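The block underneath contains the structure these notes are about, expressed in structure tokens.
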Amino acid sequence: MKTITNTARGDRQLAMLHLFEFDMYNLDNTFKETLRFTDHDIFVDYNLQDYTPLAITFDRLSEDFTMSADSINITIDNVNSALSTEALGSEWRNNRASITRIVYTPDSENIGGEEYDYGYGDNLTTYPELDLDAIVSKDVWTLFGGVIDTFTASESILNATITTQFSNWSKAYPSRTYNQNEFTTIVNAINDTIYWGRQKTV
Amino acid sequence: MNNLTTNLLTNHYHYDIEEWSKQGNAIPFDSGIEQRIVNYSIPSIELNISYKGVNWEEFESLRASYEANNSNTFIVDLNDETAIPVYIEDGYVEASYFQEELSRIDLRPDLMTTNAAVWAFKNFTFKIDAKSLLYSGRITLVSSVFFNFSQYQDLFTQTSSYSISVSTDESFVNVLTEAQPYAAELKYANNSIFSNIGQSVRHARNKGGLKRAWSLYWLLTEPKFLKLIQFYRKKSGIMGEFGMPEYGTTHPQLKYFEDDYIVTDYVVRGVTDYLSNARFNQDSFQYQKRVDGMYQCRADILEVKL
């Protein structure tokens with residue numbers, strides 16, 4: 001269920017980050033570990049889990065003509081070769097992958113007697129980690145859930161395609177009570193941007 | 001993680017800084033609302049450090065810092081900057097008193113302890129002119145999010161290395177003692193790969209093979225120019241190799257050039273150990289003949305790794 005509260009929708013300025021989870025299985029099909037990454041610039045702590053900062057981007061979600069978003073390409077930094085090593089030593093395919101979007105308002109911060117409304121570089125303590133559990137004003141929703149379909153790796157990047165369960169089941173987005181235009185707008189708002197309105201496209 | 005604060009900040013005279021903070025984008029809506037979304041909130045800084053009038057030993061120290069850390073992150077804490085006497089309206093002010101207030105360019109160490117003052121090299125270019133034999137140049141640093149905390153360091157290790165590709169061929173040195181360049185640029189060709197988050201370097205991976213590169217500038221009379229072009233014709237193209245003195249010209253500590261007091265053997269003996277195996281970087285050689293009969297030209301030379 002995608003829930004965007006008024007907190008996020010109403011804010012004129014907010015911070016957004018994504019959490020990525022990939023389940024890894026051993027080649028004998030036993031569970032190995034869950035890899036947790038974030039596209040934020042420091043570690044993110046959420047639900048007591050540590051998410052490692054990584055240069056990770058994903059294509060814009062879009063619907064196809066059946067009104068379903070069936071797959072998405074993710075590009076992950078592989079400069080240290082750790083991921084390709086992991087990918088070759090375990091089974092990625094057909095395992096759970098998810099992208100979680102988190103929208104929050106950075107806390108204010110007092111540095112040297114000066115108040116910074118949205119902090120200067122996230123509130124940091126012992127090492128650079130953003131503790132999302134401590135931030136009250138946030139919205140969390142699953143942007144994309146599915147399974148890893150294929151991946152390719154080069155020296156500097158690893159590309160993966162993840163596919164929704166919708167696609168596997170040939171199932172479209174839920175049936176609707178509003179008209180087509182409205183629906184597109186709402187889906188775009190969820191996928192793309194935060195404010196629940198029509199984005200200016202010209 | 002290596003700390004290069006003292007090495008890099010000792011002889012500089014100028015900073016050129018660009019600081020990014022709260023990087024993100026603004027999205028306008030048809031309703032007239034504009035929503036601003038922050039994606040990266042750690043401040044990122046690109047820092048150009050300029051040097052002027054640096055002598056050979058000082059340059060060598062900077063160069064050693066670069067060569068040993070060309071593809072890894074390192075610490076430079078700008079708040080540790082060497083104190084400089086500061087003058088304000090009322091006259092002389094003790095430097096140490098104001099130092100802390102005045103040199104606080106990078107706020108990251110304040111926020112995240114000194115373990116956050118982490119950088120990576122982006123560029124390293126110096127120029128020496130043959131008259132003064134002093135170096136001027138510029139080092140560009142970019143901030144890194146690969147901080148000096150075990151949580152980051154445990155992810156993977158970073159190293160850098162450089163070793164000179166030694167040559168014993170003195171043919172080009174002999175040409176240089178005749179056809180002396182009036183200036184030489186000293187740079188590097190780096191083939192390591194970097195990944196970034198926002199404007200910050202996340203990780204640098206050393207693939208080895210850091211190469212020195214030179215650009216030499218000449219203004220020569222015809223007989224000397226003919227020696228140079230003859231050498232180029234012999235050694236040109238991708239296959240030509242020769243020994244290149246590491247400072248681009250003959251030994252900068254021997255200041256005899258102006259008086260034409262050069263004992264070739266003496267110069268050569270001084271530099272033999274430091275010749276790099278190199279080649280011309282271009283397959284062509286451009287030069288101009290001026291109305292006064294002088295020839296003006298430039299050549300790019302690149303180290304060849306064995």
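These numbers were taken from a predicted model, which means no experiment stands behind them. Chain letters run A, B, ... following the sequence lines, proteins first, then strands; residues in each count from 1.
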*Take atom NZ in Lys32(A); do more than 12 heavy atoms of anything else shown fall under 6.0 Å from it?*
yes
*In terms of heavy-atom proximity below 4.5 Å to chain A, should Arg205(B) be classed as side chain, backbone, both, or neither?*
both
*Based on non-hydrogen pairs under 4.5 Å, which of Pro28(B), Ser44(B), Ser150(B) is most in contact with chain A?*
Pro28(B)
*Check whether any side-chain heavy atom of Ser41(B) lies under 4.5 Å from a side-chain heavy atom of Tyr118(A), and answer yes or no.*
no
*asked:* If you count every heavy atom of other residues, nucleotides or ligands that lies below 6.0 Å from Glu114(A) atom CD, does the total exceed 12?
replied: no
*Below 4.5 Å from any heavy atom of chain B, which atoms of Leu54(A) appear? Answer side chain, backbone, both or neither.*
both
*So how far is it from Tyr116(A) OH to Leu107(B) CG, rounded to the nearest 0.5 Å?*
5.0 Å
_Criterion side-chain contact (heavy atoms from CB on, under 4.5 Å) against Met16(A), the qualifying member of Ile37(B), Asn25(B), Val38(B)_ = Ile37(B)
_Could you tell me if the side chain of Gln13(A) sits less than 4.5 Å from the side chain of Lys22(B), heavy atoms only?_
no
_Report which part of Tyr40(B) has an atom under 4.5 Å of a heavy atom belonging to chain A: side chain, backbone, both, or neither._
both
*Does any heavy atom of chain A fall under 4.5 Å from the side chain of Gln151(B), the backbone, both, or neither of them?*
both
_If I take atom CG from residue Asp41(A) and atom CD from residue Gln23(B), how far apart are they, to the nearest 0.5 angstrom?_
7.5 Å
*Would you call Ile42(A) and Val145(B) a side-chain contact if the rule is heavy atoms closer than 4.5 Å?*
no
*Is any side-chain heavy atom of Thr52(A) closer than 4.5 Å to a side-chain heavy atom of Tyr152(B)?*
no
_Which atoms of Asp39(A) are under 4.5 Å from chain B, going by heavy atoms: the side chain, the backbone, both sets, or neither?_
backbone
*Just how far is it from atom CG of Asp77(A) to atom NE2 of His203(B), taken to the nearest 0.5 Å?*
7.5 Å
_Quick check on the structure: residues of residues 193-201 of chain B within a heavy-atom distance below 4.5 Å of chain A, by number._
Ile193(B), Phe194(B), Ser195(B), Asn196(B), Ile197(B)
